[in-house]
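Since the structure comes first, as structure tokens, the remarks are kept for the end.
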2 protein chains.
Amino acid sequence: MKKYPAACEAPDGYSCPVEATIDIIGGKWKSVILYHLINDKKRFNELRRLIPAVTQRMLTLQLRELERDGIVCRTIYKQVPPKVEYSLTEFGKTLIPIISQMMNWGTSYAGKIKEARQRSAAAEKLESQG
Amino acid sequence: MKKYPAACEAPDGYSCPVEATIDIIGGKWKSVILYHLINDKKRFNELRRLIPAVTQRMLTLQLRELERDGIVCRTIYKQVPPKVEYSLTEFGKTLIPIISQMMNWGTSYAGKIKEARQRSAAAEKLESQG
DNA sequence: CAGGATCCGGGGGGATACTG
DNA sequence: CAGTATCCCCCCGGATCCTG
């Protein structure tokens, strides 16, 4: 929901379809969260353990945005201690093909990333040293 | 390339395959850039026009990162005025299925995004007003 | 045309403490 | 357990000016 110059504004506010998708899953942790929700629902602290690098604050914020956008459903069980479960909505499930592709790509090429970065880092070093 | 607690560190530094993918295309504009490069190479100012919301600074930065990661190739033509073309590398082309899925989803559901947000905004308003 | 350099403000996001 | 609330720092990213 950003503002663009009127001249280039598409009817839906995006200049290309990919932008709309990024608007939904572009958050730093959203795709990872969705990945963990594909097979079954998860509790809050379960997600924290599954995504060790995320802080509890950020997890909350990202989950709230996903909920706002109708992607995930938040189920509260009235009991002590509290119990909250997060799951994909029907709308959220339409994103599975994307997450699935991301998973496939990551599985296949995660190793190549470090290679590529080491190569470019080495090249840069050479250049700076003359 | 972030640091995680050693206990949860995967061999490749990611806690799940999706994280690796996000590490590459997670930048604010990267997927949109790749989308515009799928069919053919583009010049710098061409991309600026295609992505009106991006500043020239951000476009440069995102392109540099994509180049570093071996996703896009930067071809400089020695001439005045300068001419630079950006295109997908072979490695970059392996991302096409993901971008393609993003495109499909955005095309199908861009409209539903505003609906969902208006609904939750309305619900929120009701709640705050009692 | 394709950027590099610099200045600068706002907010993204971490750490910590508290709560129903 | 599943969050809120608060403080605060850093850096992302916009605006502007300059260059080969």
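Computed from a predicted structure; not experimentally measured. In the text below, chain A, chain B and the rest are named by the order of the sequence lines, each starting its count at 1.
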**Study point:** Interface residues of residues 69-87 of chain B with DNA chain C (non-hydrogen, below 4.0 angstrom)
**Key:** B/R74, B/P81, B/P82, B/V84, B/Y86
**Study point:** First and last nucleotide of DNA chain C, 5' to 3', lying under 4.0 Å from heavy atoms of chain A
**Key:** C/dG13 to C/dG20
Check your understanding: With side chains defined as the heavy atoms from C-beta onward, is the minimum distance between B/Y14 and A/I113 less than 4.5 Å?
Key -> yes
Check your understanding: Quick check: does any side chain N or O of A/K42 sit under 3.5 Å from a backbone N or O of A/H36, one acting as donor and the other as acceptor?
Key -> yes
**Study point:** B/R48 CZ to D/dA15 C1', straight-line distance once rounded to whole Å
**Key:** 12 Å
Practice item. Can you see which heavy atom on B/S15 is nearest to which on A/L50, and at what distance? Key: OG-O, 4.0 Å
Review point. Any donor and acceptor pair, going by atom type alone, linking the side chain of B/E46 with main-chain N or O of B/R43 inside 3.5 Å?
Key: yes
Review point. Using 4.0 Å as the upper bound for N to carboxylate O, is an ion pair formed by B/E90 and B/K93?
Key: yes
Check your understanding: Do side-chain atoms of B/T21 reach the backbone of A/M102 as a donor and acceptor pair under 3.5 angstrom?
Key -> yes
Check your understanding: Is a donor on one side and an acceptor on the other found under 3.5 Å between the side chain of B/T89 and the backbone of B/I71?
Key -> yes
Point to revise | Salt bridge B/D23-A/R117, side-chain N to carboxylate O under 4.0 Å | key: yes
Study note, to complete from the structure: Contact check, residues 55-66 of chain B vs DNA chain D, heavy-atom distance under 4.0 Å, returns B/T55, B/Q56, B/R57, B/M58
Check your understanding: Is it the case that A/K41 places NZ or CZ above or below the six-membered ring of A/Y86, under 6.0 angstrom from the centre and within 45 degrees of the axis?
Key -> no
Practice item. Would you check if the side chain of A/Q62 reaches a backbone N or O of A/W29 as a donor-acceptor pair within less than 3.5 Å? Key: yes
